[in-house]
Amino acid sequence: MFKKLLVANRGEIAVRVLRTAREMGITTVAVYSQADRKSLHVEMADEAVEIGPPPPLESYLNIERIIGAAKATGAEAIHPGYGFLAENASFAKACSEAGLIFVGPPSDALRRVGDKLEARQLALSVGAPVIPGMTAVQPDIGAFKKEAQKIGYPVLVKAAAGGGGKGMRVVSSLADLNAGLEAAMRESQTAFGDATVYLEKYIAEPRHIEMQILCDEHGNAVWLGERECSIQRRHQKIIEESPSPVMTAKLRVEMGQTAVKIAKAAGYRNAGTVEFLYEKGHYYFLEVNARLQVEHPVTELCTGLDLVALQLQIASGEPIPLTQEQVQPRGHAVECRIYAEDAARDFLPSSGVIAALAEPQGPGVRCDSGLREGLEISVHYDPILSKVITHGESRDEAIRRMRRALSDYVILGVATPISLLLDILKHPAFLSGKLSTHFLDHHFADWKPPRPSENVQEMALIAATLARAGARRSDGALSSKARPTPWQTIGHWEIAHG
Amino acid sequence: MFKKLLVANRGEIAVRVLRTAREMGITTVAVYSQADRKSLHVEMADEAVEIGPPPPLESYLNIERIIGAAKATGAEAIHPGYGFLAENASFAKACSEAGLIFVGPPSDALRRVGDKLEARQLALSVGAPVIPGMTAVQPDIGAFKKEAQKIGYPVLVKAAAGGGGKGMRVVSSLADLNAGLEAAMRESQTAFGDATVYLEKYIAEPRHIEMQILCDEHGNAVWLGERECSIQRRHQKIIEESPSPVMTAKLRVEMGQTAVKIAKAAGYRNAGTVEFLYEKGHYYFLEVNARLQVEHPVTELCTGLDLVALQLQIASGEPIPLTQEQVQPRGHAVECRIYAEDAARDFLPSSGVIAALAEPQGPGVRCDSGLREGLEISVHYDPILSKVITHGESRDEAIRRMRRALSDYVILGVATPISLLLDILKHPAFLSGKLSTHFLDHHFADWKPPRPSENVQEMALIAATLARAGARRSDGALSSKARPTPWQTIGHWEIAHG
Amino acid sequence: MKNEYILEGKLRRVALEKTRDGIQITVDGNIRSVHCEEIDSGHFVIEKDGVKYRAVVREMGDRTHVWVNGQTVVLERPKSEAVGIVGSSDSHLTAPMPGTLSKLLVTEGQIVEPKQTVAILEAMKMEHNLRAPRAGKVAKVFFKEGDVLEADATVLDLEPLAEED
Amino acid sequence: MKNEYILEGKLRRVALEKTRDGIQITVDGNIRSVHCEEIDSGHFVIEKDGVKYRAVVREMGDRTHVWVNGQTVVLERPKSEAVGIVGSSDSHLTAPMPGTLSKLLVTEGQIVEPKQTVAILEAMKMEHNLRAPRAGKVAKVFFKEGDVLEADATVLDLEPLAEED
């Protein structure tokens with residue numbers, strides 16, 4: 001095992017990777033932009049290197065700076081997290097050219113699965129079911145029109161380099177095709193630096209079900225069970241769970257084996273996810289996510305494995321330490337993503353300062369977070385703040401636990417989707433497992449946050465007034481630790497009747 | 001299932017029970033003494049009832065007040081936690097007489113296993129191995145002298161009503177017998193209101209290994225695997241783990257079956273623990289802990305079960321929802337207890353205010369805590385603050401994870417044994433699993449906290465000075481929320497060389 | 001002390017007054033029988049009619065955010081400006097967050113429908129549609145494509161449609 | 001600003017001084033080349049020679065507790081009293097924590113050996129032995145069995161043994 005690891009990411013995923021690395025006795029190096037000087041991942045690492053101004057292109061996407069930081073600190077390996085450079089074949093190549101271990105697939109495999117069209121060909125070559133659509137990059141709008149005509153509207157325009165729902169547009173008629181292509185290309189260019197898009201049949205009511213896999217350089221490969229990620233907004237997952245409510249033991253083995261076949265055909269290595277759409281008993285290969293995914297904790301809680309530890313072991317050349325038979329998922333896990341966004345205003349990202357924070361705790365509750373009070377949530381980066389993951393003996397227990405955890409989660413200062421998530425977790429369609437990627441459109445299109453009851457409103461008014469009274473009283477009476485000790489505050493008030 | 005539960009306890013265990021009850025949709029009632037008005041368990045419950053002044057006898061041990069609170073709030077059941085009234089047969093009886101469900105064994109079973117001598121007889125009756133010693137209450141010092149003579153010094157004087165190491169004394173010669181008896185009786189009277197003590201053979205190098213069991217009123221009983229709790233100070237556990245490093249599959253089944261036999265013979269119901277001493281391949285019945293134990297999370301992390309949920313199900317008359325074959329422990333779990341005590345000064349309890357707090361988080365880390373910043377740690381109660389429990393695929397991973405978690409745990413204001421725990425977790429004898437209840441005496445008798453390096457000392461001096469500078473600067477510039485916002489503080493200082 | 005907030009568009013008044021028996025709390029002039037415990041700075045447990053409410057308060061400029069039992073309530077301090085000024089959302093279109101104006105879809109003088117997308121703002125690697133709050137004529141546009149906007153920057157002014165429009 | 005602390009029995013001096021390039025930190029007169037980041041009130045990350053130290057500071061009366069990378073360091077403010085006063089631990093025996101004096105094992109005039117248990121304090125449901133800090137004669141006992149003691153209450157005074165003892 002290497003001795004020193006640089007984590008080329010920020011936020012909750014950098015913190016999560018750093019924790020495992022520290023537990024393995026590996027010295028850790030964080031990198032950070034000028035906007036992230038006070039971030040938790042910077043504090044947690046043994047060393048930290050500033051790599052540039054806030055815009056990602058000048059810092060977290062700056063390959064030269066990151067490799068420079070690794071060389072300067074003597075790091076032997078780089079973990080890219082997710083997003084940023086995680087699936088960037090040039091970065092993987094630059095790492096190996098600099099003599100650094102890239103904790104992820106080899107550059108070739110990244111390129112192969114990163115190109116959606118090539119990945120599709122790979123899937124076809126091993127006999128995996130795929131969605132009807134384009135099989136090669138098309139030069140002009142005419143080709144798109146023809147293909148759309150052939151497979152029938154609605155069609156889906158997708159970025160070839162895409163992921164995370166970016167650079168994707170549903171086009172329901174010829175009249176909208178041009179605008180949809182343009183929007184997808186513009187977004188793809190911005191997000192991935194590549195405007196190439198393609199087109200496929202739009203599946204009306206799919207579930208998103210994906211399979212976690214591991215491959216090592218010794219030819220071993222295992223699948224670790226599925227995650228259902230159908231609850232999405234803006235094509236981006238917000239609730240994930242495992243097992244999927246529609247999964248059968250037979251289908252799981254079939255999808256698992258298909259996923260491993262695709263990965264092997266791609267020369268894949270390390271942890272990865274093969275995504276499928278599922279509708280009415282059929283599944284279709286969607287794409288390979290060649291990275292540790294946001295929702296990986298769902299699989300960790302079910303299998304008892306530490307995927308980051310396994311990633312580091314595989315990257316250092318060790319074989320996968322378990323056989324397919326030793327993978328024995330247990331119970332049910334659910335993850336809710338907490339974004340800085342306003343669910344009532346079309347999920348508009350929200351920036352600001354974390355003014356108050358209390359994260360959920362307790363048996364079966366895990367909170368992967370990069371937050372602390374006083375942290376500024378910058379406009380420069382993906383607005384994910386944290387993830388709450390719960391595990392229970394049954395789906396019902398995991399969901400009830402999640403409701404308890406979310407209703408204990410205090411975040412003030414930025415908007416979060418917590419009240420939407422709580423409403424979803426109570427919805428009959430969710431509870432009965434009737435999911436599709438259009439779940440939110442079907443059931444929550446006009447969602448408004450529940451109006452606070454008159455009692456809750458009055459308590460808010462009273463608490464705000466008490467806080468002002470308290471703040472006033474502590475003026476000039478503050479201790480040197482700059483916050484009032486309990487006995488300096490207003491204390492216990494018993495209000496007499498009448 | 002009942003609809004409303006009163007939790008007759010405080011601190012971390014009350015919080016832990018409340019969490020599961022809330023997840024099960026049960027309305028919760030907390031009780032609290034005047035010292036605990038601002039405690040987390042009071043805040044977390046749906047309702048809260050003050051039950052008296054700080055001394056336990058006037059509040060948490062006041063049966064009448066607690067039952068009164070249950071009646072007044074319409075609670076149908078009472079969970080006693082551990083300590084206080086958890087194993088009090090009169091309390092269990094008073095509950096059932098008041099028409100309340102006591103979440104624990106029936107009063108008769110409590111009395112039977114609570115009397116150490118009767119429990120010994122029970123164990124003998126089912127063929128369980130026991131430690132040589134007294135088999136009945138003895139009226140005078142003469143009988144103790146005779147018995148000690150018979151089994152040979154050293155002998156152990158134990159409180160018949162005892163537990164948690166209270167009311168216990170090792171006596172190594174006739175000369176010390178009188179003093180030992182007196183001390184044990186005095187402590188037993190104080191702790192349990194009963195001065196009855198007895199005597200048994202003192203086993204020199206035992207391991208403490210216990211078996212978690214569940215029994216329901218339908219005659220079902222299962223064992224959930226063992227915990228090794230050999231690392232103790234003052235006869236009280238501080239590190240627990242599962243599985244035990246010396247356990248074999250065969251021995252586990254044997255001890256599990258023995259534990260279930262004893263419980264059945266006692267007419268036991270609900271969750272409980274049968275404690276054994278183990279030495280050189282032999283095990284001896286020690287006692288039954290007729291309650292949820294402090295270290296129950298170790299079993300929860302290994303089995304994936306929620307013992308409190310199971311307790312509530314059993315108490316409401318449901319059968320145990322799983323068979324012995326369905327109990328499939330996985331991986332390894334370790335628990336460290338965090339007490340308010342000074343490990344360098346003979347574990348002297350420490351009282352004070354929690355001035356700073358940051359609890360460990362991350363994959364495989366659970367922190368059961370009743371803490372928050374500003375909380376006053378009172379002298380009136382058991383000094384347990386919280387528990388850190390880690391789970392890993394192997395013992396090694398669980399231990400490494402615990403070291404990471406403890407080194408991230410910030411508690412200022414009261415002394416804690418964290419640096420001792422960290423030293424134990426690095427000790428070769430601990431790492432190789434060579435444990436006994438005298439582990440600390442053998443390896444840590446003269447332990448002193450590691451001296452901070454000169455660099456750490458200087459950083460402490462610099463940080464303290466910066467904090468004073470910051471506190472000064474924020475004087476008069478404080479916002480109404482009474483703490484400086486990040487941009488009011490001294491911020492980013494780059495110190496020029498020479 | 002007396003405190004005023006705007007909540008759900010209504011002016012609400014809270015008063016704390018010392019009495020012989022403790023402190024009397026009134027909301028909009030009605031006495032509230034509650035039990036309050038300050039747990040920590042800005043952190044309260046309030047009991048009313050046997051029901052407990054956990055509240056965490058943070059003042060952020062003109063707004064006070066209060067978390068109560070899992071819900072967040074935002075209180076506004078009444079503005080000192082004279083009542084009657086039209087809300088900014090009605091006559092101006094403002095950037096809801098900082099970002100780059102990646103696309104401007106209207107020109108001055110153009111008539112827009114309610115909810116019509118008039119501009120696209122790019123922030124946090126996503127595109128966000130800025131929509132007209134109501135029907136109107138674009139009176140003035142303050143930025144051009146590619147400009148970087150601060151939060152709450154006015155992107156354009158809308159004027160009401162004249163009868164003949 | 002200048003700050004003085006007692007640490008491990010030694011007087012340590014820290015000075016912060018504004019210079020043209022930033023702020024200069026000296027410890028005991030030696031300039032320290034460090035990079036300091038204040039993360040939150042009383043919460044710092046300090047880097048020295050490429051190594052990072054996380055520090056959390058709380059002042060508690062005369063003592064400052066500092067958590068640094070998992071270790072807790074306690075700094076004392078130098079007392080203003082004249083040097084030379086005998087430490088309380090030498091001539092008095094004080095209660096290390098609040099509790100009930102459950103057993104008093106010596107009487108006035110009795111001679112005690114170092115580490116001899118002279119009283120038993122009961123607190124947090126446990127018994128704690130109070131031991132003589134050194135050999136001496138019990139000059140005065142201030143409490144009787146059953147009394148409730150505050151932390152740091154003097155339980156008894158010890159006087160040095162005369163030659164003839």
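In what follows, chains are A, B, ... by sequence order, proteins preceding strands, each numbered from 1. As a basis for the values below, the full set of heavy atoms in this structure was taken, side chains included, without hydrogen atoms, waters or symmetry mates.
- Taking all atoms of both residues into account, the shortest heavy-atom contact from C:Met60 to A:Ala355 is CE-CB, 3.8 Å.
- Neither the backbone nor the side chain of A:Ser419 comes within less than 4.5 Å of any heavy atom of chain C.
- By the 4.0 Å N-to-carboxylate-O rule, C:Arg12 lies close enough to A:Glu454 to be salt-bridged with it.
- Both the backbone and the side chain of A:Arg451 have a heavy atom closer than 4.5 Å to some heavy atom of chain C.
- Proximity to chain A is absent for every atom of C:Glu47, based on heavy atoms less than 4.5 angstrom apart.
- Here the straight-line distance linking atom CD1 of C:Ile25 with atom CG of A:Leu466 works out to 5.0 Å at 0.5 Å rounding.
- Interatomic distance, CG of C:Asn69 versus CG of A:Asn455, reported as 10.5 Å (0.5 Å rounding).
- A distance of 8.5 Å separates CD1 of A:Ile462 from CG of C:Leu16, quoted to the nearest 0.5 Å.
- Side-chain N or O atoms of C:Gln71 include one that pairs as donor or acceptor with a backbone N or O of A:Pro450 at under 3.5 Å.
- Pairing each heavy atom of C:Leu75 with each of A:Ala464, the nearest pair is CD1-CB, 3.5 Å.
- Put simply, the side chain of A:Arg186 reaches to within 4.5 Å of the side chain of C:Ile120, judged on heavy atoms.
- Taken from CZ in C:Arg32 to CG in A:Leu461, the straight-line distance is 10.5 Å, to the nearest 0.5 Å.
- Your options are A:Val456, A:Leu406, A:Asp408, A:Val410, and the one with the most heavy-atom pairs under 4.5 Å with chain C is A:Val410.
- Note that the CE atom of A:Met459 and the CD1 atom of C:Ile46 stand 6.0 Å from one another [nearest 0.5 Å].
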| message | Using side-chain contact (heavy atoms from CB on, under 4.5 Å), reason through A:Glu458 and C:Lys48 one step at a time and then give a plain yes or no. | response | CA-CA 10 Å; A:Glu458 286 203 0; C:Lys48 188 192 169 193; 4.1 Å; yes

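- A donor-acceptor pair under 3.5 Å is formed between the side chain of C:Trp67 and the backbone N or O of A:Tyr409.
- The contact between C:Val73 and chain A is made entirely by side chain atoms (from C-beta outward), counting heavy-atom distances below 4.5 Å.
- Contacts of C:Arg13 with chain A are absent, with no heavy-atom separation under 4.5 Å from either backbone or side chain.
- For the atom pair A:Asp346 CG and C:Arg131 CZ, the distance stands at 6.5 Å (nearest 0.5 Å).
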